[in-house]
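Presented below is the structure to which this report refers.
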Amino acid sequence: MKLSVAQARRPESIGQEVTLQGWVRTRRDSKAGFSFLELNDGSSLGNIQVIAETSLPNYESDVKRLTAGASVTVTGVVRESPGKGQATEVLATGITLHGLADVDTYPLQKKRHSFEFLRSIAHLRPRSNLFGAVFRIRSRMAYAIHRFFQERGFVYVHTPIITASDCEGAGEMFRVVTMDGEKVRSGADEFFGKPTYLTVSGQLEGETFACALSNIYTFGPTFRAENSHTSRHAAEFWMIEPEIAFCDLEGDMALAEEMVKHLVTDALESCAEDLDFCNRFVDKGLIERLQFVRDRAFERVSYTEAVALLQGCGQSFEFPVEYGLALQSEHERYLTERHFRCPATVYNYPKGIKPFYMRRNDDGKTVAAMDLLVPGIGEIVGGSQREERLEVLLANLREQGLEESAYEWYVDLRRYGTVPHAGFGLGFERLLMFVTGVGNIRDVIPFPRTPGTAEF
Ligand code: 4AD
Ligand code: MG
């Protein structure tokens, strides 16, 4: 029976005849007439030990040539392992060699490599312990996100990747053009009849579906041409955007908090071996922090309170803290790491620093916006209640100098059966940085796209 390495490592498989397929991590030859192979197929962090006896017909011709990176099919019997730290091992009855990996050039030798080096071999880094762990956690978190929303009756909506509207109004979009250089240069390249861009957010299209199906979420790639060289910004990243009809800011914040807690809980339960590895080799306080986040209530603070708190805290910051200015990462981190010492949601931001679609509060100064901040990173969720009042929305568009005609369809939602509604965007890579302790966004996405880099 074909088993994964993860399955063969479980005591239940003892006694079974199995086929395993994967890549050799190490080979060690014993004087007692056999070799030990450590085999890994990506199904788990741990390898399985394979015992290859010299009596195998291809022992000299193949087994003795196996080195790190070589690919094999192993048939054999799972038995209890006398070795420490493993329940099972496999006594091979046959080994088929698929491909060798040259010892002198294979870049992933058995030693610790730097993140920077591994980034330069992003096509091979999933074979390393750390990246195997990170990308298994990524996969599990994607599944847990779908489950979280599906179990609560949210409908998954695929919003377009090519769009004509700038949701965030920040002008950080990539333009979509054809290969016709002449037309592009003359500005006549209008494949879609108007300028189009890679989406920065599926929110506006998502809102149309929320105003029909009530609760929806999107989960897809988004693109931002912001030239920020930080460890938390990528030009291509994945975002999860729920939109909830008949919901206000309070309900929005509650859902974001519940989701973050749910994902952390799921990771602790489902990714224990991989998280333990991250805890040992990436961030020694990781598991303790995740357990703390799982068990403790998050804090909430209004933007106005947060500004007062930062101004009075006695700490000096690189960027100024002043009502009306955006909170910088250093401010967000002070709030979660030093002041609250836990995740915190900041809400009711000044309208001048937020997009047109956010709902104006009665004070006339602030909008019903919220950012969920976590220690070590800062913002991982940004959201708001949406402006559902036609007149106010039109005034916002005008104030922000946006073409009303470009948002006709969006404004229609306020003309026909408007409802209070709210939503947020969770940056998937930011969540993964938080869950794995990995400090750079480039190391939680398979092939990172950042200013100046689009390798692979
Ligand atoms: O706060 P943002 O810009 O919000 C929106 O896009 C809204 N339309 C969401 C909504 O209400 N439906 O982005 C949401 C999240 C941020 O909190 C952050 O986690 C992540 O997306 N994000 C990025 N992640 C990686 N690289 C970037 N350049 C990012 N920009 C935003
Ligand atoms: Mg934001």
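Note: hydrogens, waters and symmetry copies are ignored here, and every other heavy atom, side chains too, is used. Remember, it's 1-based here, ligands and their atoms both numbered in the order they're listed.
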By side-chain contact (heavy atoms from CB on, under 4.5 Å) - contacts of P160 (at least two apart)
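So P160 forms a side-chain contact (heavy atoms from CB on, under 4.5 Å) with E205.
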
Problem - side-chain contact (heavy atoms from CB on, under 4.5 Å) partners for T208, two or more places apart - result: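 Listed in chain order: W409, L413.
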
What protein N, O or S atoms come within a distance below 2.8 Å of the Mg ion (ligand 2), ordered by chain and number?
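E379 OE2, with waters left out.
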
(message) Run the side chain to side chain contact (heavy atoms under 4.5 Å, CB included) test on V411 and L394 for me, step by step, so that the C-alpha distance in whole Å, both residues' side-chain angles and the decisive distance to 0.1 Å come before the verdict.
(response) CA-CA 8 Å; V411 175; L394 290 174; 3.9 Å; yes

>> If you count every heavy atom of other residues, nucleotides or ligands that lies below 6.0 Å from K194 atom NZ, does the total exceed 12?
In response: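 No.
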
Q. Any ion pair linking E379 and R232 (charged N to carboxylate O, less than 4.0 Å)?
A.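 The answer is no: the pair does not qualify as a salt bridge.
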
- prompt: Do R359 and E388 sit within salt-bridge range, that is, some charged N less than 4.0 Å from a carboxylate O?
  reply: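 Result for this pair is yes, salt bridge flagged.
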
For E273, the option from R136, R280, R9, R140 that meets salt bridge (Lys or Arg N to Asp or Glu O under 4.0 Å)
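Only one of R136, R280, R9, R140 forms a salt bridge (Lys or Arg N to Asp or Glu O under 4.0 Å) with E273, namely R9.
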
| Option among E391, E207, E387, E408 that satisfies the salt bridge (Lys or Arg N to Asp or Glu O under 4.0 Å) test with R414 |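 Output: one option passes, namely E207.
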
Who are the residue neighbours of ligand 1 when the rule is a heavy atom under 4.0 Å from any of its atoms?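 Within the 4.0 Å shell of ligand 1, which is judged on heavy atoms, sit C167, E168, S201, Q203, R224, E226, R232, H233, A234, F237, M239, E241, Y357, E379, I380, V381, G382, G383, R386, G423, F424, G425, G427, R430, I441.
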
Can you see whether Y323 has K365 sitting over its ring - NZ or CZ less than 6.0 Å from the centre and within 45° of the normal?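 Relative to the ring axis of Y323, which defines the angle, K365 lies inside both limits.
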
